[in-house]
Amino acid sequence: MEDLRQRLTQPSAESKQEVSGKIISYLAITLIGGLVATILIFLTLKGIALFTGNHYSLWNFLTGIKWQPSHHLFGALPMIATSFSVTLLSGIVALPLALVVAIAITEMLPSTAYKFLQPVIELLVGIPSVVYGYVGLTIVVPFLRQSFGGTGFGIFAATCVLFLMILPTMTSMTIDSFKAVPQQYRNASAGLGATRWQTISRVIIPSAKSGILTAMVFGMARAFGEALAVQMVIGNTTVMPTGLMHSAATLTSVLTTGIGNTVMGTISNNALWSLALILLVMSLAFNLLMRLVSRKGVK
């Protein structure tokens, strides 16, 4: 009788699996959280070393226009302005085209077109950035050189490469947003006598607005943090951008070209870590913006 009572009261195999699953999940969350916290702390300490250890002025760093490590001049404004310029330009150009392609695939073309084009778009999303950079170096830069003169390197070339990179991502996310709109909305709009374009412009696009904005922010976040492809076509000149066809440099291009040529702990190396800290802050800002846009869409 006592054995039967113990069998009836002891935890079942399912409850033991649930407990072990919770333990594994908590350990994984703790590990990931610890890694993220470690990265944040490491980059923050390295990034502020220029101002705390070398006593360089934060104001001069953010507003200075001369980047000359040999003379201990670390003005990051040219790189910050160039990074925002190429990001905004590529996003402004890519979003309308991504919107048009997504509308055509989801609302106008037959379903067979969607089945064929969706894998192609996803394949383009997965292409390494160095491939886009090579395309820009061998096709875009010579074309711009022949069409507008100069070297062909500059903000315009970087914008074209980033446009090619983020367009598939923004298109794929916009298609998913349109697919998430319930079919009942389309049927109700058609039942009221609306045309296809009226349904698209007044029902589908407003319903998918949060997803479209999220796609735009996500694409611009990728463009802002891109390093190799931009480095190959922008010219890497640390001066204030004065024109689309002039060579410039972004935060990522200066980091990738300079981090291997400095000694750890020197003021030049600390200045590069400060640029990395700016990139980290901007990445967090883009993530926060995406969360705000998603929450607004949910409400």
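If you read the sequence from its start, that first residue is 1, and numbering goes on from there.
- With hydrophobic clusters built from ILVMFWY side chains whose heavy atoms lie under 4.5 angstrom apart, F153 shares a cluster with L144.
- Within the cation-pi definition used here (under 6.0 Å to the ring centroid, within 45° of the axis), K179 qualifies as a partner of Y114.
- Although no hydrogens or angles enter the test, the distance criterion places no donor-acceptor pair under 3.5 Å between the side chain of R202 and the main chain of A194.
- With a 4.5 Å cut-off on side-chain heavy atoms, I259 and V254 do not count as touching.
- The two residues M264 and N269 have their closest heavy-atom pair at SD-OD1, 3.3 Å.
- When side chains are defined from C-beta on, P69 counts as touching F74, because their heavy atoms get closer than 4.5 Å.
- To the nearest 0.5 Å, the span separating OG1 on T266 from CG on N270 amounts to 6.5 Å.
- I121 approaches S172 most closely through the heavy-atom pair CG2-CB, 4.0 Å.
- Judged by distance alone, the side chains of T250 and T252 do bring a donor and an acceptor atom under 3.5 Å apart.
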Side chains of residues 223-232: which donor-acceptor partners sit under 3.5 Å, not counting sequence neighbours?
unit_1: E226; atom_1: OE2; unit_2: S129; atom_2: OG; d: 3.2
unit_1: E226; atom_1: OE2; unit_2: L228; atom_2: N; d: 3.4
unit_1: E226; atom_1: OE2; unit_2: A229; atom_2: N; d: 3.3
unit_1: Q231; atom_1: OE1; unit_2: T256; atom_2: OG1; d: 2.7

Residue pair F42, W273: steps toward the ring pair (Phe, Tyr, Trp, His ring centres under 6.0 Å) verdict: CA-CA 10 Å; F42 177 79; W273 282 111; 5.4 Å; yes
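- Separating the OG1 atom in T171 from the CD atom in E122 is a distance of 12.0 Å, to the nearest 0.5 Å.
- Contact annotation: the side chain of L272 approaches that of L275 to within less than 4.5 Å [non-hydrogen atoms, C-beta and beyond].
- Partner of K209 under the side-chain contact (heavy atoms from CB on, under 4.5 Å) criterion, chosen from I205, I212, L213: L213.
- Between the side chains of R222 and T169, at least one donor-acceptor pair of N or O atoms lies under 3.5 Å.
- The line from CG of L277 to CG of L50 is 10.5 Å long, rounded to the nearest 0.5 Å.
- Cluster annotation: I65 is not connected to F61 through the hydrophobic network of ILVMFWY side chains, with a link wherever side-chain heavy atoms come within less than 4.5 Å.
- Counting all heavy atoms, side chain and backbone alike, P206 lies closest to S201 at CD-O, 3.4 Å.
- The number of heavy atoms from other shown groups lying within 6.0 Å of CZ (F218) does not exceed 12.
- Within the model, atoms CD1 of I166 and OH of Y132 stand 11.0 Å from one another, a figure rounded to the nearest 0.5 Å.
- Considering every non-hydrogen atom in both M170 and A94, the closest pair reads SD-CB, 3.8 Å.
- To the nearest 0.5 Å, atoms CE (M165) and CG (L124) are separated by 11.5 Å.
- You'll find the side chain of V131 reaches within 4.5 Å of the side chain of P128, heavy atoms only.
- Within the model, atoms CD1 of I80 and CE of M240 stand 10.0 Å from one another, a figure rounded to the nearest 0.5 Å.
- Judged by distance alone, the side chain of S83 and the main-chain N or O of L251 form a donor-acceptor pair under 3.5 Å.
- Across every non-hydrogen atom of T242 and H246, the tightest pair is OG1-ND1, 2.6 Å.
- A pairwise comparison of heavy atoms in S274 and G47 identifies OG-O, 2.7 Å as the closest pair.
- Counting non-hydrogen atoms of neighbouring residues, nucleotides and ligands closer than 6.0 angstrom, the CZ atom of F51 exceeds 12 such neighbours.
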